[in-house]
Amino acid sequence: MIDKVESLSAELPRALNCLLLPLAGGQLLLPVNILLEVIVMQNPTPVPDAPAGYLGELSWRKQRLPLLAFEAIQGQQIPQSGSDCRIVVLNSGRQDKQCFFALIAQGAPRLVEVTPEELVDKKTKCAPGELMHVTLSGEAAVIPDLNKLAADFLKYF
């Protein structure tokens, strides 16, 4: 049995490629495999009676996408769009169906390699849309709850 466990652990990757997505006053840590594209900032088409954080819909590759502002989901103000703002198109990561949405980033995402030794759970209470607060090599980041975001916002789409 020990041999099976050791052989299984030897096959697991030592590091995971992730993205640090800059936000106003923080950053998100996302698995790189959910990133579909980074596009230039554009104005969304407003959606009536949308909840805070749902900015509207975008046209992307002949599809409509919901555009979210993560800061507003957390109860903060929607940041001003500067020249360095980007829209990050993501796959929701849901296993039951393929759903895409977009987040506003306050700059270009940065590729990082994450190992278990350098990722520390900060044991902080999570706000809406957050799964965990972490420190990665001394940098604070939030791991978003992508399943909850998809469930909460894609129903308006």
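Computed over heavy atoms, backbone and side chain alike; hydrogens, waters and symmetry mates excluded.
P109 and P22 make their closest contact through CA-CD, 4.1 Å (heavy atoms, listed as atom of the first residue, atom of the second, distance). Scanning both residues, A52 and A72, for their nearest heavy atoms gives CB-O, 4.1 Å. Across all non-hydrogen atoms, the minimal contact from G129 to L149 is CA-CD2, 4.1 Å.
Here the CG atom belonging to D145 is positioned 8.5 Å from the SG atom belonging to C126, to the nearest 0.5 angstrom. Between I104 atom CD1 and L55 atom CG the span is 4.5 Å, to the nearest 0.5 Å. Here the OG1-CD distance, from T45 to E57, works out to 7.0 Å after rounding to the nearest 0.5 Å. The line from CG of D121 to NE2 of H133 is 9.5 Å long, rounded to the nearest 0.5 Å. Within the model, atoms CG of L36 and CZ of R61 stand 7.5 Å from one another, a figure rounded to the nearest 0.5 Å. Atoms CZ and CD, on R86 and Q106 in that order, are 10.5 Å from each other to the nearest 0.5 Å.
Proximity of L29 to L19: side-chain heavy atoms (C-beta onward) are nowhere separated by under 4.5 Å. No side-chain heavy atom of Q27 sits under 4.5 Å from any side-chain heavy atom of L21. Side chains of I143 and V134 form a contact here, defined as non-hydrogen atoms less than 4.5 Å apart. Residues L103 and L28 form a side-chain contact, since some pair of their non-hydrogen atoms from C-beta on lies under 4.5 Å apart. Contact of the Y54 side chain with the L68 side chain is registered, since non-hydrogen atoms from C-beta on lie closer than 4.5 Å. Residues L67 and W60 are not in side-chain contact: their nearest non-hydrogen atoms beyond the backbone lie 4.5 Å or more apart. Between I87 and M41, the closest side-chain pair of non-hydrogen atoms falls below 4.5 Å.
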**OP:** Go through the steps for F100 and N91 under the test side chain to side chain contact (heavy atoms under 4.5 Å, CB included), then give the verdict.
**Re:** CA-CA 5 Å; F100 307 124; N91 184 335; 4.1 Å; yes
**OP:** Please report the C-alpha distance between L35 and L30 in whole Å, then the side-chain angles of each, then the deciding distance to 0.1 Å, and finally whether the side chain to side chain contact (heavy atoms under 4.5 Å, CB included) criterion is met.
**Re:** CA-CA 8 Å; L35 175 69; L30 302 166; over 6 Å; no
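Qualifying side chain to side chain donor-acceptor pair (under 3.5 Å) partners for E71, counting only residues two or more places apart in sequence or in other chains: none.
Within 6.0 Å of atom CD in E117, more than 12 heavy atoms from other residues, nucleotides or ligands are found, so the atom counts as buried in its surroundings.
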